[in-house]
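Heavy atoms only: backbone and side chains are in, while hydrogens, waters and symmetry mates are out.
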Amino acid sequence: MSLPTELAHRVQAQLDPDPSRVIARLFLPGEELPNGRSRAGAVVDRVLALPEAEVEIEMARLVAEFGPRHREYPAILAQHASMVKSHTRLAPPMSPARTLLMGASFTAEYAVEGAALCNPSAVLHPDQSGLGAGQARVAISLRAIGEGHLSSIGFATAVIGPDAAWSFDERTLPATVGRCALAHWDREHLRAVLADHGPVDELAHSLLATLPESFDAAELQRAITSIHSSRQYQFGTTETIALLRKLVASAYVVTFGQDVALSEQVLMPAAAEESNGMEDARFTRFVDENGAVQYRATYTAYDGRHIEPRLLTSPDLNTFQAHRLAGPAAQNKGMALFPRKVDGRFLALCRSDGENTSMAVSTDGFIWGEPLPVQGPTASWEVLQVGNCGPPIETERGWLVLTHGVGPMRSYAIGAILLDLQDPTRVLGRLPQPLLQTLPEERDGYVPNVVYSCGGVLHEGRLWLPYGIGDARIGVMWADVDELLGAMIAGQSA
C-alpha cells in the first residue's frame, strides 16, 4: 500500500548553516586537547613585555575588526583577562588597553554552525502581534554543529500563512551567549538523580536530610561543611561529595537581554555532562491545567562518553532553566513531552531501550517512572529502530505523533502514528508507508540519507514540519491534517 504522492508538500524555504554566526569563547593555549600542557604563563609574559604603544595600536585594530561581530566585546575580553589573573598578580597594574589585549590573547571565535545545521523543532511564538489574517509566527529551535562536532541550540523564526506559505525571517547578528547562573534544586529530584547513579549511601541520605525542600549550591556547601569530622574520612565520602557537587552544578539558568532577538540567542553547553554537546531539543508549548503557558523541551546532553536526557523550561523564550531528568524512562535519547497533562500527570514519549517507542509518566515533570510500550519497529523502513520526531500534537481524533524509522543503509524516514487521547499507550492508527523520505537531491550531507525533525506545529488544518536534511541543512514541508489522518490504517500497540 502506498501513500498519496501529494500527502507531503515540500515548500521553497530552506535554512543553511551560517559560518558568520560566531561567539567569542575563552581559549587557553595548550589545553585544546585532553591532558594538554597549558602555555598560559608564557603567553601572559609576552603580552606584559609588549611596548605600550604597540599595545594601543593592536587593541584599536582588534576593536575595529572584531567589535562589530560580538555584543559587548570589551566586556568579554575583560572577563577572559580575569581568568588568567593568577599569572599577573606580581606584575605592575596593566593599562585598560593591555588588559583587553590580555583577554584577546585568551579568546577565540567559534562558529556555532561551522559544520552543520539540523533537527529543528517548531512551536507557536509567544509574540503573535503584527500579523495578517491567516498568519502565525513560529519559533524554531535548531541543532547547530560546530568545530569538533560540538552541538549547541540556536533559534530562528518564521511566519506561516496565509494558506500554504512559510517564510523564514532573517536571522540577525551577532550570535549571543546569555548570562549563566546556577539554578535551584528540589531535594527529592536530587535524590532521584543520585539513585540513577547507584545506591544512595548513608552520607548522601544525611546530607539530603539537612537540606531544605528547595536549595541551591551554596546551601549544599554549607551542609557539606557541617559534616562531623569523623565522617569526612570514611570510605566513599570524597566520591559522594564530588558527585553531589557535580550534579548540583549541572542545573543552571541562562538569561538573555531584552535587546537580544531570538534568532541571535545561542545556548552553549554549560554543565559537565553536556560538555560535548546539547543535541536535538524537542520544544513544546506546554499549557498547564490553570491555563499558564510554559515552553518546555527535552534535549540530549553528551560529555564525549555518556548521554543524559535533560530538560529546558522557559516562560518566554528569553530565560531558560536547564535541569537533569531522572528515573527509569530518562535513560536515553529522544524524550518528547506532551503539551499538557493527561489525568493530572505529565506524559512523555521515550526510547529508553534504544529501539522502541514507549510512554513515560511523571508527577513533577522531572522524575519519570518505568516506560510503557507503545510502538516497535515492524516495517522494512524501520527495522533498526523507531522513535518520535517531536512532541505529540493534539487533534480531535487523537495525539498525532510524527515518528522516525531507521532502515537498511541507516536511512532515516519520517512516519506517523495516532494515539488515544485518554490512553496514549493505545495506537489507533499508523501510516503504512513513510510520510517523508530523502529525495535524490536530499541524500548527501553531514550524515547521508537522513530526514529528521524534532517537532512540528498545526495551523489552520495543516501540519507544518521543518526537518533536517542530511544533518546539514533544513527544509520545510506541510500536510493536510485530515488527509494525513485519513491515510492511516488501524494501528496496534507494541
Distance in Å, E274 CD paired with Y252 OH, rounded so as to fall on 0.5 Å steps: 3.5 Å
Got P424 and L347 here, is their nearest side-chain heavy-atom distance under 4.5 Å? yes
Decide yes or no on side-chain contact (heavy atoms from CB on, under 4.5 Å) for W185 and L220, but give the supporting numbers first. CA-CA 10 Å; W185 275 81; L220 172 66; over 6 Å; no
side-chain contact (heavy atoms from CB on, under 4.5 Å) between V476 and L465, intermediate numbers included: CA-CA 6 Å; V476 181; L465 186 69; over 6 Å; no
Is any side-chain N of the basic residue among R171 and E113 closer than 4.0 Å to the acidic one's carboxylate O? yes
Do M477 and V11 make a side-chain contact, defined as non-hydrogen atoms from C-beta onward lying under 4.5 Å apart? no
If you measure from CG on L267 to CE on M278, what distance do you get to the nearest 0.5 Å? 5.5 Å
With heavy-atom distances below 4.5 Å as the criterion, would you say the side chains of R324 and R310 are in contact? yes
Ignoring hydrogens and angles, tell me if any N or O in the side chain of H149 forms a donor-acceptor pair with the backbone of A115 under 3.5 Å. no
Does the side chain of V248 come within less than 4.5 Å of L182's, by heavy atoms? no
What is the minimum heavy-atom distance between T210 and L207, and which atoms define it? OG1-O, 2.7 Å
Under the side-chain contact (heavy atoms from CB on, under 4.5 Å) rule, what do D196 and Q331 come out as? Steps first, then yes or no, please. CA-CA 9 Å; D196 284 345; Q331 300 298 323; 3.5 Å; yes
Begin with the C-alpha distance, continue with both residues' side-chain angles, and end with the deciding distance and a verdict on side-chain contact (heavy atoms from CB on, under 4.5 Å) for E382 and Q375. CA-CA 11 Å; E382 58 185 23; Q375 178 203 20; 4.2 Å; yes
Other residues, nucleotides, ligands: >12 heavy atoms within 6.0 Å of K341 NZ: yes
Short side-chain to backbone donor-acceptor contact, W368 and A330, under 3.5 Å: no
From D18 atom CG to L117 atom CG, the distance as rounded to the nearest 0.5 Å: 9.0 Å
Taking every heavy atom of L262 against every heavy atom of F155, the minimum-distance pair comes out as O-CB, 3.4 Å
Does D280 come within less than 4.0 Å of R143, counting only side-chain N to carboxylate O? yes
Kindly check if the number of other-residue, nucleotide or ligand heavy atoms within 6.0 Å of CD (Q12) is above 12? no
Taking the side chain as everything from C-beta on, heavy atoms only, tell me whether D353 gets closer than 4.5 Å to N332. no
Hydrogens and angles aside, do E264 and T172 bring a side-chain donor and acceptor to less than 3.5 Å of each other? yes
Can you see which heavy atom on D316 is nearest to which on Y295, and at what distance? N-CD1, 4.5 Å
Can you tell me how far OG1 of T240 sits from CZ of R245, rounded to the nearest 0.5 angstrom? 11.5 Å
CG of D444 to CG of N449, rounded to nearest 0.5 Å, is 8.0 Å
What I'd like to find out is whether the side chain of L431 reaches to under 4.5 Å of the side chain of L484, using heavy atoms alone. yes
Return the CG to CD1 distance between L419 and I393, rounded to the nearest 0.5 Å. 11.5 Å
F215 versus D186, closest heavy-atom pair with distance: CE2-C, 4.1 Å
Are the side chain of H459 and the backbone of P162 linked by a donor-acceptor contact shorter than 3.5 Å? no
Taking T284 for its side chain and F286 for its backbone only, find out whether a donor-acceptor pair lies under 3.5 Å. no
Is the shortest heavy-atom distance from the side chain of T319 to the side chain of V253 under 4.5 Å? yes
Taking atom CD of Q221 as the centre, does the number of heavy atoms from other residues, nucleotides or ligands within less than 6.0 Å exceed 12? yes
For M335, does its backbone N or O pair with a side-chain atom of T298 as donor and acceptor, under 3.5 Å? yes
Does the plane of the ring in F366 sit parallel, tilted or perpendicular to the ring in H323? Use 30° and 60° as the thresholds. perpendicular
Which pair of non-hydrogen atoms, one from I145 and one from S151, has the smallest distance, and what is that distance? CG1-OG, 3.7 Å
Donor-acceptor contact present, side-chain W399 to main-chain E394, <3.5 Å: no
Would you check if F283 and L337 make a side-chain contact, meaning some heavy-atom pair closer than 4.5 Å? no
Using 30° and 60° as the class boundaries, would you call the ring planes of W464 and W478 parallel, tilted or perpendicular? tilted
For the pair D288 (side chain) and N290 (backbone), establish whether a donor and an acceptor sit closer than 3.5 Å, ignoring hydrogens and angles. no
Exam field: side chain T313 to backbone R296, donor-acceptor pair closer than 3.5 Å: no
Start with the C-alpha gap between E442 and R10, add the side-chain angles, then the distance that decides, and say whether salt bridge (charged side-chain N to carboxylate O under 4.0 Å, His left out) holds. CA-CA 12 Å; E442 295 175 329; R10 290 169 168 85; 3.0 Å; yes
Ignoring hydrogens and angles, state whether a donor on the side chain of Y467 or H404 is under 3.5 Å from an acceptor on the partner side chain. no
Using only atom types and a distance under 3.5 Å, with no angle test, would you say the side chain of T157 pairs donor to acceptor with the backbone of V138? no
On a heavy-atom basis, the closest approach of I153 and S141 is CG2-CB, 4.4 Å
Expected output: side-chain R137 to main-chain L131 donor-acceptor under 3.5 Å: no
